[in-house]
Amino acid sequence: MLLQTAVMMSVYFMLDYFRNNKPQSLLFYQLSITASLLIKPVFIFFPLLSLVMFLILEKKIMPRLKAFLFHIIPALAILTVSFINYQHSGYFEYSSISRKLMINYTARYSAAHNLGDERALQQVDSVESAASALPTYKEKAISIQTGANAIIKQNANAYIFLTLKGIVNFFIDHSRYDIDSFMGTIPKEDQSGWKNNYQKEGMKGLENYLSSINPVYYVYLLMSMLINIVLFFGLFRFAFIKEIPFYCRLVLLTFISYIALLTGMTGSSRFRVPVFLLIVIVNMVVFSYKKNYLKMKKSTV
């Protein structure tokens, strides 16, 4: 929720800058982006993407130069944190979380998709064991990064497929895992779902699986997924409404797409929280536009 607040402030001040050309809004935007990447390292690459957006939207030299100078703020924050980490560990990096996610999720899931989870775990354990034998933190970090990249390259087809699947799941996930976790019934990692039951016993297995679920809960999950699908297609509609200023469409869709892409194959409802309000706002705009369009069409008949 803290990250969601920082993201919403970033979007607000960026739109305000392009709408009213206020230098203070550009400053507050950069401070909000800096807060976002300090709250969650996933935003470390966003300042670069933000600069590209400004270069696309700003046509004159002076506004481009001003945008470039203001983008130094988040860059300084990244360099400062990286330098502090270097002093403590001897390795110049902003955060270790991306490397941990790469070896424990991206590399493991890619290998598991092609080879099975047992062999995937063996490969991951081999990389981590080799790294643990090295004397310095820097050498360990580089070794794990190299090993994870090698596993991903060997399973590039699985990596691409699972990443695309994760991005779609980011938008339409029904939140079952999160709800069960909140209720204190966290699903087991190896717990079989409808697909597994169907593969083992066909329609009978699917029927047995569905009968084990509370029907009210099942309807709720289904409705949740359907609503998410509607919201997902609303994003596509928003992108092509020419009456909405281009800068507005570009800013909102860039923020949403960035989080979806960086979440990758681990995509699920919980990762949608930082931009969920943006997704809802986009759909409200689409609904409002469609409603006004129908009114205008009716009045001309």
Side-chain angles (χ1 to χ4, degrees), residues 3 37 40-46 48-49 91 93-134 137-178 180-181 186-200 225 228-229 232 235 254-275:
L3 178 61
L37 62 88
K40 196 170 181 66
V42 70
F43 266 89
I44 185 174
F45 303 113
F46 196 84
L48 180 59
L49 182 60
Y91 187 40
E93 65 173 352
Y94 182 72
S95 172
S96 64
I97 188 65
S98 60
R99 183 172 60 256
K100 293 178 179 178
L101 290 173
M102 182 172 288
I103 186 65
N104 292 317
Y105 290 91
T106 308
R108 175 186 168 182
Y109 289 170
S110 297
H113 186 268
N114 287 340
L115 308 172
D117 198 43
E118 185 176 347
R119 289 186 62 186
L121 283 173
Q122 289 175 354
Q123 291 186 357
V124 170
D125 290 341
S126 177
V127 170
E128 293 182 328
S129 296
S132 64
L134 297 173
Y137 175 83
K138 180 179 180 180
E139 290 175 308
K140 295 177 194 290
I142 294 175
S143 177
I144 290 175
Q145 186 76 37
T146 303
N149 285 332
I151 294 174
I152 293 170
K153 287 179 181 179
Q154 292 168 4
N155 301 278
N157 62 323
Y159 168 75
I160 295 171
F161 170 75
L162 292 174
T163 298
L164 293 175
K165 181 181 177 182
I167 291 171
V168 173
N169 202 44
F170 173 91
F171 289 103
I172 68 172
D173 181 46
H174 47 51
S175 311
R176 180 189 174 190
Y177 181 88
D178 304 286
D180 286 349
S181 299
I186 303 176
K188 297 178 181 178
E189 187 173 344
D190 59 348
Q191 181 175 326
S192 62
W194 69 268
K195 185 177 180 181
N196 184 268
N197 281 269
Y198 178 75
Q199 289 175 340
K200 289 182 178 179
M225 178 173 285
N228 287 333
I229 291 174
F232 180 57
L235 294 176
T254 297
F255 269 89
I256 296 169
S257 301
Y258 177 83
I259 293 296
L261 289 170
L262 267 289
T263 300
M265 65 175 63
T266 59
S268 62
S269 60
R270 75 181 68 88
F271 297 107
R272 195 169 59 234
V273 171
V275 293

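Nothing here was measured: the structure is a model prediction, and the numbers come from that model. Note that the numbering runs from 1 along the sequence shown for the chain.
Ala120 and Ala112 get closest at one heavy-atom pair: CB-N, 3.5 Å. A pairwise comparison of heavy atoms in Ile172 and Met225 identifies O-CG, 3.7 Å as the closest pair. Annotation for Ile97 and Ser95: closest pair CG2-OG, 3.0 Å, computed over non-hydrogen atoms. Considering every non-hydrogen atom in both Tyr258 and Phe46, the closest pair reads OH-N, 3.3 Å. The shortest non-hydrogen separation linking Ile151 to Ala111 is CG2-CB, 3.9 Å. Of all non-hydrogen atoms in Met102 and Ile152, the two that sit nearest each other are CG-CD1, 3.7 Å.
Annotation: Phe45, atom CZ; neighbour count of heavy atoms from other residues, nucleotides and ligands within 6.0 Å does not exceed 12. No more than 12 heavy atoms of other residues, nucleotides or ligands lie within 6.0 Å of OH in Tyr105, so this atom counts as exposed by the packing criterion. No more than 12 heavy atoms of other residues, nucleotides or ligands shown are found within 6.0 angstrom of CZ on Arg119.
In this structure, Met265 and Ser110 have side chains that are in contact, with non-hydrogen atoms separated by less than 4.5 Å. Residues Val273 and Leu3 form no side-chain contact, since every pair of their non-hydrogen atoms from C-beta on lies 4.5 Å or further apart. Under the 4.5 Å side-chain criterion, counting only non-hydrogen atoms from C-beta, Thr266 is not in contact with Phe170. You'll find the side chain of Tyr159 reaches within 4.5 Å of the side chain of Thr163, heavy atoms only. No side-chain heavy atom of Asn169 sits less than 4.5 Å from a side-chain heavy atom of Phe271. At a threshold of 4.5 Å between non-hydrogen side-chain atoms, the residues Asn228 and Asp173 do not count as touching.
With rounding to the nearest 0.5 Å, the separation of CD1 in Ile256 from CG in Leu261 is 12.0 Å. Put simply, CD on Gln154 and CD on Gln123 are 6.0 Å apart, with the number rounded to the nearest 0.5 Å. Leu121 contributes atom CG, which lies 4.5 Å from atom CZ of Arg108 (distance to the nearest 0.5 angstrom). Here the straight-line distance linking atom OG of Ser96 with atom CG of Leu101 works out to 9.5 Å at 0.5 Å rounding. Between atom OH of residue Tyr109 and atom CG of residue Asn114 there is a gap of 15.5 Å, rounded to the nearest 0.5 Å. How far OG of Ser269 is from CG of Asp178: 3.5 Å, rounded to the nearest 0.5 Å.
Of the possible donor and acceptor atoms, one in the side chain of Ser129 sits under 3.5 Å from a partner among the backbone N and O of Asp125. Looking at Lys138, its side chain never comes within 3.5 Å of a backbone N or O of Tyr91 through a donor-acceptor pair. No donor-acceptor pair closer than 3.5 Å links the side chain of Ser126 to the backbone N or O of Gln122.
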